[in-house]
A.B. asks: 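I'd like to ask some things about the structure below.
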Amino acid sequence: MLRFYNTLTRQIENFAPQRDEVRIYTCGPTVYDYAHIGNLRTYVFEDILIRLLKYKGYKIKRVMNITDVGHLTSNEDIGEDKIIVGAKREKKTPWEIAEYYTKAFKDDIKELNILEPDVWAKATEHIKEMIELIRILEKKGFTYRTSEGIYFDISKLSRYGRLSRLKLEGQIPGIRVKVSREKRNPSDFALWKFASPSHIMQWDSPWGRGFPGWHIECSAISRKYLGDVFDIHCGGVDHIPVHHTNEIAQLEGATGKVPARFWMHGEFLLVEGGRMGKSEGNAWTLRDIKKRGFKPLALRYFYLTAHYRAKLNFTWKALESFQRTLEKLWGEVSTYGEPEAVDSSYKEKFLQEMEEDLNTPRALAVVWKLVRDSQLRDGQKRTLLLDFDKVLGLGLEKIGGEEIPQEIRNLLEERNKAREAKDFFKADTLREEIKKRGWRVEDTPEGVRVKKIYKDIEE
RNA sequence: GGCGGCAUAGCCAAGAGGUAAGGCAGAGGACUGCAAAUCCUUUAUUCCCCGGUUCGAAUCCGGGUGCCGCCUCCA
């Protein structure tokens with residue numbers, strides 16, 4: 001039985017899809033810069049969710065948006081469009097920036113072994129749907145006009161804020177951001193913003209030329225592809241109070257229904273015990289990870305060592321230790337030979353952990369228990385690990401089964417002769433030579449063994 | 001000012017009121033020409049501190065202390 005924590009109810013609930021497929025919406029990137037390891041953690045969490053559902057035999061329809069327009073750098077009009085900031089920085093057009101970073105994002109998730117969504121939805125290709133949705137809200141009386149744009153009046157929706165459970169009364173409006181005088185309620189948010197002629201990205205609308213507000217794209221896109229009520233909506237915890245709260249408001253206003261039954265949120269990644277951010281200078285990207293000699297999948301493994309709803313503290317030391325762990329696992333699998341039939345007890349344990357709200361740390365503990373189990377034959381271990389890896393995505397299917405190339409065999413032969421002749425200098429030289437060609441020589445009590453070195457497995 | 005979370009070995013972390021998962025690192029041993037790998041063994045009498053509830057608490061309650069986050073865009 002699949003059980004997931006639902007932010008809407010703050011409880012772990014039994015999960016079953018409404019239809020013959022699971023419909024999922026996952027908030028995607030704003031493509032004005034490279035994704036950092038905090039972003040990436042959330043996408044890996046979502047990937048584990050998707051893989052588990054697939055493993056359980058469900059068909060999936062998953063949509064991810066690409067925000068290639070519109071989000072301002074601040075909540076009020078003083079800010080600039082992030083895409084445009086990126087464009088100025090790199091002296092490119094907003095469209096070039098969006099295209100470049102969309103590609104970079106797709107490259108990143110591929111390297112992390114993250115499955116692609118079924119639908120990629122660019123915000124700029126759904127302006128029409130957004131306008132339609134705003135018109136519905138307008139007809140139902142949820143909107144009003146200010147000099148800056150069309151706003152959503154949260155006081156018209158009695159259950160506004162049910163997801164975040166924030167007490168609006170207790171908050172001090174404007175403590176961090178100035179509240180526009182024209183807004184009726186401090187938490188009212190823009191659906192459509194009017195653009196000055198110099199604003200590069202703008203479109204026609206019934207209210208004049210402008211660009212969409214910050215939350216409308218997800219509502220319009222999810223509704224278009226997944227319907228009024230779908231199964232799961234995912235994102236980072238930071239989206240709970242504002243973005244997802246407003247997504248719900250927009251669709252609840254338009255359809256009368258909360259758009260998703262389950263809302264699942266990935267916790268933040270900390271760096272060296274503290275906040276990660278661009279201004280802190282520690283918002284590492286996958287590029288940084290690779291530059292320091294780490295494999296993308298080591299990062300993936302690292303993410304899996306903590307529960308997705310717990311903060312995880314990134315340190316280079318920890319990444320190093322789990323890269324070693326992953327290499328060890330690869331090394332184990334590489335010696336296992338052909339898969340053999342095995343009973344299902346380990347599989348049951350593994351699934352038990354995964355099905356209870358995606359407990360990857362415990363699932364990994366099952367993996368290591370199995371690896372160390374002297375009762376199991378190697379082929380059985382291979383069968384189990386390859387099976388589990390459909391969910392974990394640690395690249396195990398690429399490991400092992402390689403034929404030892406003839407040239408390596410020849411070198412080994414030569415080395416053995418040298419060793420017999422006690423010519424250890426030559427033997428060591430040959431061992432180095434073999435290593436350079438990607439194989440590690442091990443002299444065990446049972447004889448000489450070579451293992452392939454998986455240095456560049458994901459490159 | 002309001003709301004919330006966390007505190008478990010050197011590091012990253014699981015922990016279901018019933019006697020501390022897992023990985024890395026460390027220590028000892030086996031094996032070895034060396035190296036690596038591997039295999040065994042070992043590493044928290046105790047879970048930030050102080051009280052309380054209970055036969056029993058890392059887990060529940062109260063009070064401290066420290067750290068982190070949200071109330072702006074942010075995964």
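Throughout, a chain's letter reflects where its sequence line sits, starting with A, and its residues are numbered from 1.
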A.B. asks: Please measure how far the P atom in B:G10 lies from the corresponding atom in B:A44, and state the result in whole Å.
C.D. replies: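 Pairwise P distance, B:G10 against B:A44, rounds to 11 Å.
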
A.B. asks: The side chain of A:Pro361 lies closest to which of these nucleotides: B:G33, B:C11, B:A14?
C.D. replies: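 Selected nucleotide (nearest to the side chain): B:A14.
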
A.B. asks: With C1' as the reference atom in both, quote the distance from B:U19 to B:C34 in angstrom, rounded to an integer.
C.D. replies: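 The same atom, C1', in both gives a distance of 47 Å.
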
A.B. asks: Going by heavy atoms in the side chains, are A:His126 and A:Glu217 under 4.5 Å from each other?
C.D. replies: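 No, every pair of side-chain atoms sits at 4.5 Å or beyond.
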
A.B. asks: Contact class for A:Gly277 (heavy atom, under 4.0 Å): base, sugar-phosphate, or nothing?
C.D. replies: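 Since no nucleic acid heavy atom lies under 4.0 Å of A:Gly277, the category is nothing.
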
A.B. asks: Describe the nucleic acid contact of A:Ala35 in one word from base, sugar-phosphate, nothing, applying a heavy-atom distance below 4.0 Å.
C.D. replies: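 Here A:Ala35 touches no strand at all.
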
A.B. asks: With sugar-phosphate meaning primed atoms plus P, OP1 and OP2, does A:Gly38 contact a base, only sugar-phosphate, or nothing at under 4.0 Å between heavy atoms?
C.D. replies: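 The answer is base, as A:Gly38 lies within the cut-off (heavy atoms under 4.0 Å) of a base atom.
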
A.B. asks: Under the 3.5 angstrom rule, does the side chain of A:Asn282 hit a backbone N or O of A:Gly277 as a donor-acceptor pair?
C.D. replies: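 Yes; judged by distance alone, with no hydrogens or angles, the pair exists.
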
A.B. asks: With the side chain of A:Arg275 defined as its heavy atoms from C-beta on, choose the nearest nucleotide among B:C74, B:G15, B:C39.
C.D. replies: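 Of all the options, the side chain of A:Arg275 is nearest to B:C74.
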
A.B. asks: Provide the distance between the two P atoms, one in B:C67 and one in B:A20, to the nearest whole Å.
C.D. replies: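 Going atom to atom, P in each nucleotide, I get 31 Å.
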
A.B. asks: For the side chain of A:Lys317, starting at C-beta, report the closest nucleotide among B:G33, B:C11, B:G23.
C.D. replies: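 Selected nucleotide (nearest to the side chain): B:C11.
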
A.B. asks: What I'd like to find out is whether the side chain of A:Leu392 reaches to under 4.5 Å of the side chain of A:Leu364, using heavy atoms alone.
C.D. replies: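 The answer is yes; the side chains approach within 4.5 Å.
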
A.B. asks: Measure CG/A:Asn282 against P/B:A75 and give the value in whole Å, please.
C.D. replies: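 Atom CG in A:Asn282 sits about 15 Å away from atom P in B:A75.
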
A.B. asks: So what does A:Ile240 touch, heavy atoms closer than 4.0 Å: a base, only the sugar-phosphate, or nothing?
C.D. replies: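 Nothing: the residue A:Ile240, judged by heavy atoms under 4.0 Å, touches no strand.
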
A.B. asks: Of the non-hydrogen atoms in A:Ala260 and A:Ile232, which two are nearest, and what is the gap between them?
C.D. replies: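 Reported closest heavy-atom pair: CB-C, 4.3 Å.
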
A.B. asks: Quick one: label A:Glu320 by what it contacts on the DNA or RNA (base, sugar-phosphate, nothing), any heavy atom closer than 4.0 Å.
C.D. replies: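 The residue A:Glu320 makes no contact with any strand.
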
A.B. asks: The side chain of A:Leu312 is closest to which nucleotide in this list: B:C74, B:G15, B:C12?
C.D. replies: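 Comparing B:C74, B:G15, B:C12 against the side chain of A:Leu312, the answer is B:C12.
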
A.B. asks: Which one, B:C73, B:C34, B:C74, comes nearest to the side chain of A:Val242?
C.D. replies: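 For the A:Val242 side chain, the nearest candidate turns out to be B:C73.
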
A.B. asks: Return the 5'-most residue of the pair A:Asn39, A:Ala310 with respect to RNA chain B, ranking by each residue's nearest nucleotide.
C.D. replies: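 Nearer the 5' end of the strand: A:Ala310.
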
A.B. asks: May I ask whether A:Phe424 stacks on the base of B:G33, given the cut-offs of 5.5 Å between ring centres and 30° between planes?
C.D. replies: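 It does: the two rings, one from A:Phe424 and one from B:G33, meet the stacking criterion.
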
A.B. asks: Within the structure shown, what part of the strands sits under 4.0 Å from A:Phe302 by heavy-atom distance: base, sugar-phosphate, or nothing?
C.D. replies: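 The answer is sugar-phosphate, as A:Phe302 gets under 4.0 Å only of primed atoms, P, OP1 or OP2.
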
A.B. asks: Quick check for you: among B:G33, B:G69, B:A14, whose closest atom lies nearest to any side-chain atom of A:Arg362?
C.D. replies: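 It is B:A14.
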
A.B. asks: NA contact type, A:Lys328, heavy-atom cut-off 4.0 Å: base, sugar-phosphate, or nothing?
C.D. replies: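 Answer is sugar-phosphate: A:Lys328 comes under 4.0 Å of backbone atoms only.
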
A.B. asks: Counting only distance, no hydrogens or angles, is the base of B:A25 paired donor-acceptor with the side chain of A:Arg324 under 3.5 Å?
C.D. replies: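 Checked by distance alone, the answer is no.
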
A.B. asks: Nearest to the side chain of A:Met276, which nucleotide is it out of B:C12, B:A75, B:G69?
C.D. replies: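 Selected nucleotide (nearest to the side chain): B:A75.
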
A.B. asks: Classify the nucleic acid contact of A:Arg415 as base, sugar-phosphate or nothing, counting any heavy atom under 4.0 Å across all strands shown.
C.D. replies: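 Result for A:Arg415 = base.
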
A.B. asks: Given B:U38, B:C68, B:A14, identify the nucleotide with an atom nearest to the side chain of A:Ala306.
C.D. replies: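 The nucleotide sitting nearest to the side chain is B:A14.
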
A.B. asks: Reckon A:Ala365 touches a base, only the sugar-phosphate, or nothing at all at heavy-atom distances under 4.0 Å?
C.D. replies: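 Touches a base.
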
A.B. asks: If we take the P atom in both B:U41 and B:G23, what is their distance in whole Å?
C.D. replies: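 Here B:U41 and B:G23 have their P atoms 13 Å from each other.
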
A.B. asks: Determine the Euclidean distance between corresponding P atoms of B:G5 and B:A57; express it in Å to zero decimal places.
C.D. replies: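 Those two atoms are separated by 24 Å.
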
A.B. asks: Under 4.0 Å between a side-chain N or O of A:Asn359 and OP1 or OP2 of B:G15?
C.D. replies: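 Result: yes.
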
A.B. asks: Which of these passes side-chain hydrogen bond (donor to acceptor under 3.5 Å, both in side chains) with A:Glu433: A:Arg431, A:Lys435, A:Arg437?
C.D. replies: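 Exactly one option meets the side-chain hydrogen bond (donor to acceptor under 3.5 Å, both in side chains) with A:Glu433, and it is A:Arg437.
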
A.B. asks: With P as the reference atom in both, quote the distance from B:G2 to B:C11 in angstrom, rounded to an integer.
C.D. replies: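 After rounding to an integer number of Å, I get 34 Å for this pair.
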
A.B. asks: Roughly how far apart, to the nearest Å, are B:C3 and B:G63 at atom P?
C.D. replies: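 Those two atoms are separated by 14 Å.
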
A.B. asks: To the nearest Å, how far apart are A:Asp357 CG and B:A16 P?
C.D. replies: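 The answer, rounded to whole Å, is 12 Å.
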
A.B. asks: Round to a whole Å and report the spacing from CG of A:Leu270 to C1' of B:A75.
C.D. replies: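 Distance check: A:Leu270 CG to B:A75 C1' gives 13 Å.
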
A.B. asks: Sticking with atom C1', work out how far B:G62 lies from B:A9, rounded to a whole angstrom.
C.D. replies: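 It works out to 29 Å between them.
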
A.B. asks: To the nearest angstrom, how far is A:His243 atom NE2 from B:A75 atom P?
C.D. replies: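 So the two atoms are 10 Å apart, to the nearest Å.
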
A.B. asks: Checking only heavy atoms, does the side chain of A:Arg372 share a donor-acceptor pair with the base of B:C39 at less than 3.5 Å?
C.D. replies: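 It does not, because no donor-acceptor pair links the side chain of A:Arg372 to the base of B:C39 below 3.5 Å.
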
A.B. asks: Where the side chain of A:Asp238 is concerned, which of B:G10, B:A75, B:U38 is the nearest nucleotide?
C.D. replies: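 In terms of side-chain proximity for A:Asp238, the closest of B:G10, B:A75, B:U38 is B:A75.
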
A.B. asks: Roughly how many Å is it from CG in A:Asn313 to C1' in B:U8, rounded to a whole number?
C.D. replies: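 A:Asn313 atom CG is separated from B:U8 atom C1' by 15 Å.
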
A.B. asks: Is it the case that B:G33 (base atoms only) and A:Asp428 (side chain only) share a donor and an acceptor within less than 3.5 Å, ignoring hydrogens and angles?
C.D. replies: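 Under the 3.5 Å cut-off, the side chain and the base do form a donor-acceptor pair.
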
A.B. asks: Distance check needed: B:A75 P versus A:Met64 CE, whole Å only.
C.D. replies: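 Rounded to whole Å, this separation is 11 Å.
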
A.B. asks: Side chains of A:His265 and A:His244: donor-acceptor distance under 3.5 Å anywhere?
C.D. replies: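 A donor-acceptor contact under 3.5 Å links the two side chains.
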
A.B. asks: For B:G10, give the paired nucleotide (Watson-Crick: N1-N3 plus N6-O4 or O6-N4; G-U: N1-O2 and O6-N3; both under 3.5 Å), or none.
C.D. replies: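 B:G10 is paired, partner B:C24.
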
A.B. asks: Quick one, A:Lys417 and A:Lys426 - any side-chain contact, counting heavy atoms below 4.5 Å?
C.D. replies: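 A:Lys417 vs A:Lys426: side chains apart.
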
A.B. asks: Classify the side chain of A:His36 versus the base of B:A75 as yes if they form a donor-acceptor pair under 3.5 Å and no if they do not.
C.D. replies: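 Present.
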
A.B. asks: Charged N to carboxylate O below 4.0 Å: is that the case for A:Asp231 and A:Arg261?
C.D. replies: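 Yes.
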
